[in-house]
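Order of the sequence lines sets the chain letters (A, B, ...), proteins ahead of strands, with each chain counted from 1. Keep in mind that the numbers below use all heavy atoms, side chains included, and drop hydrogens, waters and symmetry copies. Quantities reported herein were computed from a predicted structural model and do not represent experimental measurements.
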Amino acid sequence: MNGIPMEQGLLLSAMLFVLGLIGVLVRRNLIMMLMSLEVVLNATGLAFVVAGSRWGDADGQIMFLLILTLAAAEVGVGLGLTLQVFRRFHTLDADSLNEMKG
Amino acid sequence: MTLTLFYLTSAVAVFATVMMITRLNAVHGLLYLILSLLSVGVLFFLLGAHFAAVLEVIIYAGAIMVLFVFVIMMLNQGQTTIDRERAWLQPAIWIGPSLLALLLFGEMAVVILFGGSAETGSVVTAKQLGMVLYGPYLLAVELASMLLLAGLVGAYHLGKPALKSGARS
């Protein structure tokens, strides 16, 4: 059997997920929001790896690989968008985007 | 002993994440975010997912964080940058993440030195992973490659320096 109980691993994953979610909701800096999104995706991957380790199966790590791919693509596009926002509005405040109407 | 290491690493991960979302400066937050990712990598190692641990360190804490550093550098141009960097690199800023990273390094040394006792029950090796990844999950690999290609094209398009304002009426 595994030395680490699955419940505690999933609990840690849930804590990290909630912390990242709080970061996304509370912070208004676009870069900090992207970093919090990284924490959220990382916590999800941790949940998959914990479950895969519990059953001794490779599927959990494969899901982690796919999440890693998703995170890489998301960060690339998100940082490109951040650059464009900074060029147009000269700020990183996400609330400044409420001028985008029409 | 695995449980002790697990609790220690979990505490480091949660603490680093809390510090990350409460930092006002993006660079300070980035230091703690890297620490959080490294500690999750150690957790993967303790859980027997060695390949995922290596990928976590190389891709998450390496490649993706380098992207963040590049963008933060690009967004902070000007005369005040040097003063700001001097303020960023005060020892009080990096001493905390460094000490916690040293703690993680100590854990890794313990695991390597006393490898047998820290081994968890079910280890999924990279060979098993590859056999499954290129067997039943072949379609997922193709989809992931399409996703990465789309991300590449999107990042290239969005990152182009001059989107002419008059070009799109």
Whatever's closer than 4.5 Å to a heavy atom in chain B on A/M63 counts as side chain
At a 4.5 Å cut-off on heavy atoms, which part of B/T22 comes close to chain A: side chain, backbone, both, or neither?
backbone
Using non-hydrogen atoms only, which part of B/L3 is less than 4.5 Å away from chain A: side chain, backbone, both, or neither?
side chain
How many angstroms lie between atom CD1 of A/I22 and atom CD1 of B/I21, to the nearest 0.5 angstrom?
5.5 Å
So which of A/V26, A/T82, A/D59, A/D57 has the biggest tally of heavy-atom pairs under 4.5 Å with chain B?
A/D59
Of the backbone (N, CA, C, O) and the side chain (C-beta and beyond), which part of A/L66 lies under 4.5 Å from a heavy atom of chain B, both, or neither?
side chain
Just so I understand: if I count every heavy-atom pair under 4.5 Å between each of A/L68, A/V75, A/V39, A/N29 and chain B, which residue has the most?
A/L68
Report yes or no: do B/F70 and A/I31 belong to one cluster of Ile/Leu/Val/Met/Phe/Trp/Tyr joined by side chain heavy-atom distances under 4.5 Å?
no
Closest-packed option against chain A by number of heavy-atom pairs under 4.5 Å, given B/L152, B/L133, B/V153, B/L43:
B/L133
Is there side-chain contact between A/N42 and A/L16, with heavy atoms separated by less than 4.5 Å?
no
What's the spacing between B/L5 CG and B/S10 OG if we round to 0.5 Å?
10.0 Å
Between B/Y137 and chain A, which part of the residue has a heavy atom less than 4.5 Å away: side chain, backbone, both or neither?
side chain
Linking I/L/V/M/F/W/Y whenever their side-chain heavy atoms sit closer than 4.5 Å, directly or via other members, would B/V42 and B/F105 fall into one cluster?
no
Nearest 0.5 Å please: distance from the CE atom of B/M146 over to the OG1 atom of A/T69.
14.0 Å
For A/Q8, is it the side chain, the backbone, both or neither that has a heavy atom under 4.5 Å from a heavy atom of chain B?
both
Name the region of A/I62, side chain, backbone, both or neither, that has any atom closer than 4.5 Å to a heavy atom of chain B.
both
Picking from B/M20, B/Q128, B/M65, which has the most non-hydrogen pairs under 4.5 angstrom with chain A?
B/M20
Best-contacting candidate, B/A52, B/G159, B/A144, B/G29, against chain A by heavy atom pairs under 4.5 angstrom
B/A52
Run through A/I67, A/L10, A/L41, A/L12 and flag the one making a side-chain contact (heavy atoms from CB on, under 4.5 Å) with A/L46.
A/L12
Checking heavy atoms, do the side chain of B/L33, its backbone, both or neither come under 4.5 Å from chain A?
side chain
Output the distance between atom CE (A/M35) and atom OH (B/Y32), rounded to the nearest 0.5 Å.
12.0 Å
A/L65 versus chain B, the contacting section by heavy-atom distance below 4.5 Å:
side chain
For the CG atom of A/L79 and the CG atom of A/L30, what is their distance to the nearest 0.5 Å?
10.0 Å
In this structure, CG of B/L55 is separated from CD of A/Q61 (nearest 0.5 Å) by 8.5 Å
Select one option (side chain, backbone, both, neither) describing which atoms of B/L149 are under 4.5 Å from chain A's heavy atoms.
neither
